Chemist: 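Sharing a structure, written as structure tokens. Questions coming.
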Amino acid sequence: MASLNDNTAAEEYFNQLRRRCNGIQVKHNGTFGKGVYADSEFQEDELILKDEILVGIQHSSNKVDCLVCSFCFRFIGSIEKQIGRKLYFNNMGLSGCCGGASSSSNLHSLPQGVVTSLMNGEIALPHTDKFPLPSPLSCPGGCQEAFYCSGSCAEADWASSHSLLCTGERSESAIAFTILRYRKLKAGHVNKQANQSVSKQSLLLEAWKPVSVGYKRRWWDCIALPDDVDPSDEGAFRTQIKDLACTSLELLKTAIFDKECEALFSLDIYGNIIGMFELNNLDLVVASPVEDYFLYIDDLPDAEKDKAEEITRPFLDALGDEYSDCCQGTAFFPLQSCMNHSCCPNAKAFKREEDRDGQAVIIALRSISKNEEVTISYIDEELPYEERQALLADYGFTCKCPKCLEDSSVA
């Protein structure tokens, strides 16, 4: 339904986001549509914004390696639980990164009883008190798939999407988010304005606002053609992708269809939501405290280090090369998704030492003046001009940034 893609509704939502992030604003211009602009000056390496996740998911394979909060993606449990859990799955041949135990860890595997005791907190490693982690809280719906760092994260995830998806994670949480937001808005209007008539369509538009931020192109139209697909077969490939979307949409309808939100379940809307992730998703990366822990042990004074490593070394050897695996996933961030591309950007996504959750962190690459547009690079900007343009074609535009204009003149 075209009316769901409402610029006025999106503009109101941008204003709400702006109040949360000082120093920037989202504006429309005649050339590129939306863009993020500096409301104040930023210096090189200065934090521009921390953007909260609208919808995010940890990669399924990574869940074997890292136990994190299902809402904010902060590591939870304890250092012992993180190590023990990883070794437990590794011994079962379920390591997420490599599809099985690494060759280096196979050479130093530990008895399963030791691993289980470590995972269950029956073995304490030295100096782990320097790296406290929140205790895991189970999903309030009892699915045993989602865990949280706090009651507030559990409640927020339940309210935003998980109450509809509690039987198992699915990638369609953007629709679940909108349905639940609609129900909450409807309940609020019923309670506060019993005597006023509010159309269901206007409430659905209100609920749709956060998702409309990144609404651009349908998945089967914008997905990049894989290297192993011949250009002559592009039509057939895009038809297959559309058929796949249609099949998954029918499964989604079976699971969570809501008659009052029927517009969300059209193939066009669904295709645009997946396309939104195809074009706007950002890698979700959170550094592992396990890596910090072993680095701390390695930096201890020699005598203290030798004593600690008598206990920790067998576990480090058993972990092998994957001891430092970070949390990995993908997420949609409403403000980051509004940032336009430049091959000579003035900002970048960059996690600092203190950034320990899933929020997107945008840092200035150079000084940025007030009213200047904040840009990031969607690709490796060091690639040759022709390769950059080919990659950016998948995003639906031809880059005309200063670097591309200069390169095109000599190409």
Side-chain angles (χ1 to χ4, degrees), residues 2 5 32-33 55-64 95-100 168-175 211 213-255 264-285 328-333 336-337 339-343 345 349 376-401 403-404 407-408 411:
N5 191 15
F32 303 112
V55 179
I57 189 168
Q58 183 183 10
H59 294 321
S60 296
S61 59
N62 186 249
K63 291 184 178 183
V64 173
S95 175
C97 286
C98 305
E169 74 270 1
R170 298 182 178 90
S171 63
E172 298 85 4
S173 52
I175 289 182
V211 180
V213 170
Y215 189 98
K216 291 183 179 176
R217 301 171 64 198
R218 297 175 301 187
W219 182 35
W220 48 88
D221 293 331
C222 68
I223 187 172
L225 193 68
D227 293 337
D228 59 351
V229 175
D230 190 272
S232 62
D233 296 326
E234 181 174 355
F237 168 75
R238 297 198 182 280
T239 298
Q240 287 180 336
I241 295 298
K242 185 176 181 179
D243 291 344
L244 178 62
C246 188
T247 300
S248 66
L249 176 59
E250 291 305 312
L251 293 172
L252 181 65
K253 286 180 180 179
T254 301
L264 296 175
F265 292 89
S266 74
L267 184 59
D268 188 66
I269 291 289
Y270 186 64
N272 273 279
I273 288 176
I274 304 177
M276 175 182 75
F277 280 90
E278 184 75 26
L279 295 173
N280 293 289
N281 71 311
L282 196 67
D283 287 341
L284 173 65
V285 178
Q328 296 180 333
T330 187
F332 176 79
F333 301 89
Q336 175 271 333
S337 72
M339 291 184 173
N340 286 316
H341 165 84
S342 173
C343 296
I376 57 176
S377 180
Y378 299 172
I379 60 170
D380 180 358
E381 63 269 26
E382 298 304 319
L383 291 171
Y385 170 75
E386 290 80 5
E387 292 185 39
R388 298 201 308 271
Q389 292 293 342
L391 289 171
L392 292 170
D394 294 329
Y395 291 88
F397 67 89
T398 299
C399 184
K400 297 181 180 179
C401 70
K403 182 175 181 178
C404 284
D407 289 351
S408 64

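Because the structure is a prediction, the values reported are computed rather than measured.
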Chemist: With a 4.5 Å heavy-atom cut-off, do T398 and L392 have their side chains touching?
Modeler: no

Chemist: If you look at every heavy atom in A224 and E278, which pair is closest and at what distance?
Modeler: N-OE2, 4.3 Å

Chemist: Looking at every non-hydrogen atom in both residues, tell me the closest pair between W220 and L267 and how far apart they are.
Modeler: CH2-O, 3.5 Å

Chemist: When rounded to the nearest 0.5 angstrom, what is the spacing between CG in N281 and CD1 in I57?
Modeler: 12.0 Å

Chemist: State, yes or no, whether a side-chain contact exists between D268 and R218 at a heavy-atom distance under 4.5 Å.
Modeler: yes

Chemist: Checking side-chain polar atoms at under 3.5 Å, does S232 have a donor or acceptor matched by the opposite partner on D230?
Modeler: yes

Chemist: Locate the shortest heavy-atom distance separating K253 from F265; write the atom from each residue and the value.
Modeler: CE-O, 3.3 Å

Chemist: If you round to the nearest 0.5 Å, how far is CH2 of W219 from CZ of F277?
Modeler: 12.5 Å

Chemist: Run the side-chain contact (heavy atoms from CB on, under 4.5 Å) test on D407 and E386 for me, step by step, so that the C-alpha distance in whole Å, both residues' side-chain angles and the decisive distance to 0.1 Å come before the verdict.
Modeler: CA-CA 9 Å; D407 289 351; E386 290 80 5; over 6 Å; no

Chemist: Describe, in one word, how the ring planes of Y395 and Y378 are oriented to each other, choosing from parallel (under 30°), tilted (30 to 60°) and perpendicular (over 60°).
Modeler: tilted

Chemist: Please report the interatomic distance CD(Q240) to CG(D233), rounded to the nearest 0.5 Å.
Modeler: 9.0 Å

Chemist: Between Q328 and Q58, what is the shortest heavy-atom contact and its length?
Modeler: O-CG, 3.5 Å

Chemist: When rounded to the nearest 0.5 angstrom, what distance separates OG in S408 from NZ in K400?
Modeler: 9.5 Å

Chemist: Taking side chain to side chain contact (heavy atoms under 4.5 Å, CB included) as the definition, give me every residue that meets it alongside D228, ordered by chain and number, with sequence neighbours left out.
Modeler: P226

Chemist: Indicate the atoms forming the closest heavy-atom contact of H341 with C399, along with that distance.
Modeler: CD2-SG, 3.7 Å

Chemist: Quick one, Y385 and C343 - any side-chain contact, counting heavy atoms below 4.5 Å?
Modeler: no

Chemist: List in chain and number order the residues that pass side chain to side chain contact (heavy atoms under 4.5 Å, CB included) with T239, two or more places apart in sequence or in another chain; answer none if no residue qualifies.
Modeler: D243

Chemist: For residues E387 and D380, determine if any side-chain heavy atom of one lies less than 4.5 Å from a side-chain heavy atom of the other.
Modeler: no

Chemist: Is the shortest side-chain heavy-atom distance between L284 and H59 below 4.5 Å?
Modeler: no

Chemist: What's the separation between atom OG1 in T330 and atom CG in N280, rounded to the nearest 0.5 Å?
Modeler: 10.5 Å

Chemist: Restricting to side chain to side chain donor-acceptor pair (under 3.5 Å), what partner residues turn up for Q336, sequence neighbours left out?
Modeler: none

Chemist: Can you tell me how far apart CD1 (I269) and CD1 (I274) are? Round to the nearest 0.5 Å.
Modeler: 12.0 Å

Chemist: On a heavy-atom basis, which atom in C401 and which in S342 lie closest, and how many Å separate them?
Modeler: CB-OG, 3.6 Å

